Every structure is written in structure tokens, then in C-alpha cells.
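These numbers come from the heavy atoms of this one structure, side chains and all, not from hydrogens, waters or symmetry mates. The structure presented is a predicted model; accordingly, all values stated were derived computationally and were not measured.
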Number of protein chains: 2
Amino acid sequence: MGAPCLLGPLPACGRFGVPAGEGAAGLGDSIQPARKNQHVSNVSVQLEMRSLWEEFNSLGTEMIVTKAGRRMFPTFQVKLSGLDPLADYVLLMDFMPLDDKRYRYAFHSSSWLVAGRADPAAPGRVHFHPDSPAKGGQWMRQIVSFDKLKLTNNLLDDNGHIILNSMHRYQPRFHVVYVDPRRDSERFAHENFKSFTFAETQFMAVTAYQNHRITQLKIASNPFAKGFRDCEPDDW
Amino acid sequence: MGAPCLLGPLPACGRFGVPAGEGAAGLGDSIQPARKNQHVSNVSVQLEMRSLWEEFNSLGTEMIVTKAGRRMFPTFQVKLSGLDPLADYVLLMDFMPLDDKRYRYAFHSSSWLVAGRADPAAPGRVHFHPDSPAKGGQWMRQIVSFDKLKLTNNLLDDNGHIILNSMHRYQPRFHVVYVDPRRDSERFAHENFKSFTFAETQFMAVTAYQNHRITQLKIASNPFAKGFRDCEPDDW
DNA sequence: ACGTTAGCACCTAGGTGATAAGCT
DNA sequence: AGCTTATCACCTAGGTGCTAACGT
């Protein structure tokens with residue numbers, strides 16, 4: 001996990017809103033500043049389990065945050081192409097606030113209401129994929145899974161987890177960073193990464209599920225959630 | 001896990017016997033050919049759980065091999081020092097036959113007997129530590145554990161496990177390989193690694209435990225073995 | 001009220017030796 | 001007879017949502 005200092009140029013986390021357009025067939029958005037290094041310019045990313053993400057998104061995805069850190073479900077997983085098989089890349093994720101609002105859930109109407117301005121945002125953290133850095137060929141060989149990533153609401157977390165505010169909305173982002181071997185690579189940092197946003201992965205951070213239909217979908221689709229069934233039981 | 005082609009120069013696996021001397025305080029043997037690159041020449045390695053290894057070794061350590069692959073217990077773990085914190089290293093293990101004999105266990109005398117010449121050796125495999133390559137600083141930060149390494153007796157294994165002959169004796173070896181960034185690094189391959197052997201980690205490969213005292217010590221010291229107790233139970 | 005926390009029962013996933021059956 | 005294999009019960013380790021208690 002040799003984290004290089006190539007992250008300054010990532011689009012700042014303090015802005016809201018996500019470029020709205022969505023690439024066809026679940027290809028990630030990558031609206032980028034002008035010119036990019038050829039090692040990243042042809043990179044494309046496909047979101048795995050897209051239909052499951054969309055099912056959650058249509059209900060309003062909620063992700064649990066806990067003091068100890070909680071994994072996301074669905075897990076953010078992507079298939080990569082267009083990397084230089086022999087070049088080194090670092091893969092990472094961060095989370096952008098989708099707006100500057102705080103929400104609360106109205107059980108009677110089963111809907112989210114704005115409850116005021118956002119709470120102060122914790123210092124933005126990033127999560128490096130633990131296999132970083134690795135060759136493009138390695139990254140493309142199989143699905144890249146961020147199943148070690150955990151979300152927490154503990155502002156004092158020292159486990160390196162992603163710190164989020166409960167009852168706030170977030171948009172996960174995925175970044176491919178080319179490890180530039182040139183001596184003065186810092187000067188090209190802004191050219192050496194490419195970022196991807198999948199609108200269907202946005203979610204509300206919560207400490208307990210609010211929408212009961214989200215709970216049910218989690219139980220139905222997450223093997224770790226009790227009551228998982230592969231198919232309809234016979235005697236029901 | 002980009003496995004570099006730096007492994008030709010590792011001491012050949014076809015010889016028997018291990019340099020007998022043992023470094024004081026569990027420091028690994030590293031009888032090396034002449035000159036070494038400065039990135040490895042000062043590397044030293046300390047075996048973890050040495051007293052447990054010695055306890056097993058005094059009884060005659062046995063390691064289970066299975067078709068599916070079985071972890072070693074004790075796990076081979078080391079503490080490293082003397083690496084260049086900013087340089088890349090690959091860490092790996094291999095296993096040398098300790099002799100060209102086949103053994104069998106005499107239950108009545110509780111001892112091992114030579115049962116003939118060794119069976120044909122499988123092509124020697126190596127196990128790269130899955131965090132490889134990584135910076136020296138990373139390797140030295142904490143204990144390096146080879147708990148993903150598995151032993152098999154399946155000559156056709158395609159899971160990348162270490163293939164051993166049951167009823168044969170082996171000596172684990174540990175190698176530190178400096179990832180030389182020079183263009184013509186192949187020419188210096190023989191200078192860029194350092195190997196370590198801990199005599200107390202040698203073992204007999206078996207498909208089922210032969211010495212009952214080994215079985216008891218495994219049960220007493222491996223948390224995964226049923227009946228593990230941290231201390232003597234009160235009502236015994 | 002409303003949101004958070006800790007403990008829990010219940011899962012998945014996988015590492016153990018024991019056992020009995022199978023092989024040569 | 002000697003060794004290997006498959007299966008099993010029993011562990012560790014850790015990911016779930018639920019619930020009741022807690023806090024503000």
C-alpha cells in the first residue's frame with residue numbers, strides 16, 4: 001500500500017452534485033479535465049452487479065455506518081479495461097457529499113425530508129485498494145472488489161476507515177491512478193489519473209435502516225444477512 | 001504479485017543438506033555466495049514463535065499435506081530488519097528436500113525409519129508472499145506471516161500450492177529479493193537476493209500424523225484445532 | 001422524539017483433527 | 001499392512017440485522 005502523493009489533483013471533495021450523464025450500459029462517468037496521459041486516457045470501467053445497485057437505488061439506497069466500521073452492501077466492484085498491462089496503477093475510492101443537507105426519514109410517508117444544513121464534514125479520506133500498486137494486467141485479469149472498505153461515523157476513527165455523517169447523502173467515486181515512473185512525475189499528476197462516478201451507487205448514510213424495503217432487500221441479497229434464501233422455499 | 005523473473009539464481013533445490021550453523025537467538029542462517037547488493041547485504045531475519053518451533057522440532061515436526069492444500073502450523077513468520085525502507089522487495093519461500101530418502105514411522109518404537117530412496121520430486125515451486133512487491137519500510141513495519149501458504153501432495157495441483165512428497169523431509173527457506181530498477185537488472189540477479197534457513201523449521205510431510213505427541217502439541221497450540229485451551233481448566 | 005450504541009443470535013467462510021472407507 | 005482420501009463435527013474469525021438501552 002505504498003500510497004504515493006499523487007492525490008492532490010483529484011477533484012475537490014467540497015463541491016456538490018455529480019455530473020448527471022450516465023454512460024450507456026453502466027459504464028462509469030468520466031468527465032475529465034482536458035488532457036490525460038495515454039496510460040489512463042483509454043481506461044474504461046464497468047460497474048458489477050449493476051442491476052442490484054439499481055434496485056437499491058430505486059428504493060433509495062441506505063448504507064449503515066458504525067463506530068467500528070461497516071462494509072458497504074452491495075460491495076463496490078468494477079471490471080477494468082484499457083489499462084497498460086505492464087504499467088503500475090493505484091486504484092482508490094473516495095466519497096463526495098451529494099449536497100449540503102441533513103435529512104430525516106418520515107415513517108408515515110416513507111420518504112426522506114430535508115432536516116437542515118449539513119453537519120461539518122470530516123476531513124475527506126480515501127481508500128486505496130489493498131492490492132495497490134499493481135500492474136494493469138493484474139487489475140484487468142479479474143473483477144476488482146472493494147470489500148475491505150468500511151464506513152464509519154466516528155470522527156476520531158484511527159482505523160483508516162471512510163468517515164461519513166449519518167443522515168447525509170454521498171456519491172462514491174472511483175479513481176485509477178497511473179504510477180508515473182518519471183522523475184518529475186509530480187508535475188504530471190493531474191494528467192495521470194482518471195475518475196469514474198456511477199450515479200446508481202449514491203446512498204444515504206444511516207446508523208439504522210429507515211426504509212423497511214431497503215432492509216428487506218439487504219436481507220434478501222446479502223448472504224451474511226440472516227434469512228438469506230437462494231430461491232423461494234417450498235413450504236411458505 | 002507481479003512475479004519478476006529474478007528467481008533463477010536461487011540456490012538449486014536439488015541438493016540435500018542444509019548449512020548446519022545456526023545464528024544466535026534465532027537469527028536465520030544466510031550463508032551466501034560472495035558479493036551482494038547493498039540493498040540486501042544488511043538484511044537480517046528473526047523467526048517468530050521460535051520456542052514453539054523448537055518444541056515441535058524436538059519431537060520431530062510433522063506437517064499435513066492434502067490434495068486441497070493445508071496450511072503449515074506453526075505458521076512461518078518473520079521479523080525483518082536492514083531493508084531499504086524506500087526500495088521494493090519481493091518475499092518468497094520454497095522448500096528443499098533434506099535428503100533423498102523416504103521414511104516410515106515405527107509405532108512400536110515411536111521413531112522414524114528409512115524406507116528407501118526418495119520418490120521423484122515434483123517440480124519445485126515457490127510461494128510469493130501475497131503483499132509482494134512492497135517497500136522495505138512496509139515489510140519491516142510488522143511481522144511478515146506466510147499464513148496463505150499451503151502444502152499439497154497433489155502432483156497435478158493447479159492452485160499454486162507447494163507440492164511435497166508425503167513421508168519425506170523438508171527444509172523451508174525464506175528469500176528476500178530486491179527489485180532492482182536498473183534496466184539490465186537480470187545481470188545482477190545473483191546479487192539482489194538473500195536467503196535464510198531456520199533449521200528448527202524442518203519437518204516431515206505426512207498425510208496423517210504419525211507421532212501422537214505431535215498431534216497433542218498441535219491441538220494444544222493451534223486455535224483452530226478442537227480442544228484448544230488457553231490454560232488448564234479448573235475441573236480436570 | 002429521534003438518533004446512536006452495545007450486545008446478541010444467526011449467518012458465511014474456512015482452518016482443525018478424528019474417523020472410516022478406500023487404495024495398492 | 002501402510003498410506004491416502006473423503007467426510008464430518010467442532011472450532012476461529014468476522015459480516016448481518018435485531019433489539020433494548022442509552023443519549024440529547
Side-chain angles (χ1 to χ4, degrees), chain A residues 62-75 102-108 112-113 115-116 119 145 147-155 159 161 164-168 204-230, chain B residues 62-75 102-108 112-113 115-116 119 145 147-155 159 161 164-168 204-230:
Chain A
E62 301 174 24
M63 295 286 179
I64 299 280
V65 291
T66 68
K67 192 173 176 180
R70 197 77 149 195
R71 301 209 298 196
M72 296 172 66
F73 188 89
T75 304
R102 187 178 215 289
Y103 292 85
R104 70 182 192 84
Y105 192 72
F107 286 92
H108 57 84
W112 288 95
L113 307 177
D119 296 331
S145 178
D147 53 2
K148 291 291 179 286
L149 187 156
K150 291 193 176 182
L151 309 178
T152 183
N153 59 339
N154 181 9
L155 299 172
N159 298 309
H161 297 150
L164 303 180
N165 283 324
S166 182
M167 311 310 264
H168 290 60
M204 183 79 68
V206 296
T207 57
Y209 291 127
Q210 304 296 312
N211 182 347
H212 213 266
R213 299 178 63 186
I214 288 292
T215 313
Q216 293 313 309
L217 187 50
K218 296 255 182 177
I219 290 173
S221 52
N222 186 340
F224 284 107
K226 146 183 145 187
F228 176 78
R229 299 289 180 277
D230 213 3
Chain B
E62 301 174 23
M63 295 287 180
I64 298 281
V65 291
T66 68
K67 192 173 176 182
R70 197 78 149 193
R71 301 208 301 195
M72 297 173 64
F73 188 88
T75 304
R102 186 178 215 289
Y103 292 85
R104 69 181 194 85
Y105 192 71
F107 286 92
H108 56 85
W112 289 94
L113 308 177
D119 296 331
S145 177
D147 53 1
K148 292 290 180 286
L149 187 157
K150 291 193 176 182
L151 309 178
T152 183
N153 59 340
N154 181 10
L155 298 172
N159 298 309
H161 296 151
L164 301 180
N165 283 324
S166 183
M167 311 309 264
H168 291 59
M204 183 78 69
V206 295
T207 57
Y209 291 126
Q210 304 296 312
N211 181 348
H212 214 266
R213 299 177 64 187
I214 288 291
T215 313
Q216 294 313 309
L217 186 50
K218 296 254 184 178
I219 290 172
S221 52
N222 186 339
F224 284 107
K226 148 183 146 184
F228 174 79
R229 299 289 180 276
D230 212 3

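Following rounding to the nearest Å, B:I64 (CD1) and D:dA6 (C1') show an atom-to-atom distance of 14 Å. In this entry the distance linking CG of A:D119 with P of C:dT4 reads 9 Å, nearest Å. D:dG15 atom C1' lies 16 Å from atom CG of A:N159, rounded to whole Å. One can place CH2 of A:W112 at 12 Å from C1' of C:dC2, the figure rounded to the nearest angstrom. Counting to the nearest Å, the C1' atom of C:dC11 and the CD1 atom of A:I219 are 12 Å from each other.
A centroid separation of 6.0 Å or more is found between the aromatic rings of A:Y105 and A:Y103.
Among the protein residues, A:K148 comes within range of no part of the nucleic acid, since none of its heavy atoms lies under 4.0 Å from any strand.
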Report, one pair per line, the protein and nucleotides 19-24 of chain D atoms (nitrogen or oxygen only) whose separation is under 3.5 Å.
none

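In this structure, the side chains of B:N153 and B:T207 come closer than 4.5 Å at one or more pairs of heavy atoms. Put simply, the side chain of B:L217 does not reach to within 4.5 Å of the side chain of B:I219, judged on heavy atoms. Residues A:Q210 and A:F107 have side chains in contact (heavy-atom distance under 4.5 Å, counting atoms from C-beta outward). Looking at B:M63 and B:P74, their side chains come closer than 4.5 Å, going by heavy atoms from C-beta outward.
Looking only at distances, no side-chain donor or acceptor of A:E62 sits under 3.5 Å from a matching main-chain atom of A:A205. With hydrogens and angles disregarded, a donor-acceptor distance shorter than 3.5 Å links the side chain of A:H168 to the backbone of A:S166. B:K218 contributes no side-chain N or O that, together with a main-chain N or O of B:A225, makes up a donor-acceptor pair within less than 3.5 Å. Judged by distance alone, with hydrogens and angles left aside, the side-chain atoms of B:T152 form a donor-acceptor pair with the main-chain N or O of B:K67 at under 3.5 Å.
Candidate nucleotides C:dT12, C:dT4, C:dC2 were compared by shortest atom distance to the side chain of A:R104, and C:dC2 ranks first. Residue A:F224 places its side chain closer to D:dG14 than to any other of D:dG14, D:dG17, C:dA6. The listed nucleotides are D:dT4, D:dG17, C:dT4; the one nearest the side chain of A:R70 is D:dG17. With C:dA6, C:dT4, D:dG15 as the candidates, the nucleotide lying closest to the side chain of A:K150 is D:dG15. Among the nucleotides C:dA13, C:dA18, D:dG17, the one closest to any side-chain atom of B:T215 is C:dA18. Distance from the side chain of B:T207 is smallest for D:dT5 among the nucleotides D:dT5, C:dT4, C:dT16.
Taking side-chain N and O atoms only, B:K67 has a distance below 4.0 Å to OP1 or OP2 of D:dA6. Contact between the side-chain N/O atoms of B:K218 and the OP1/OP2 oxygens of C:dG17 is not found at any separation under 4.0 Å. Contact annotation: B:Y209 reaches the phosphate of C:dG17 (side-chain N/O to OP1 or OP2, under 4.0 Å). The side chain of B:S166 contributes an N or O atom lying less than 4.0 Å from OP1 or OP2 of D:dT4. The phosphate of D:dC11 (OP1 or OP2) has no side-chain N or O of B:N222 nearer than 4.0 angstrom.
At its two ends the helix from C:dA1-D:dT24 to C:dT24-D:dA1 runs along axes set 0° apart, each axis drawn from five pairs and the angle rounded to 10°.
For A:R71 against D:dG14, no side-chain N or O and base N or O form a donor-acceptor pair under 3.5 Å.
Scored by the side-chain contact (heavy atoms from CB on, under 4.5 Å) test, B:K150 finds B:R71, B:H161 as partners (sequence neighbours excluded).
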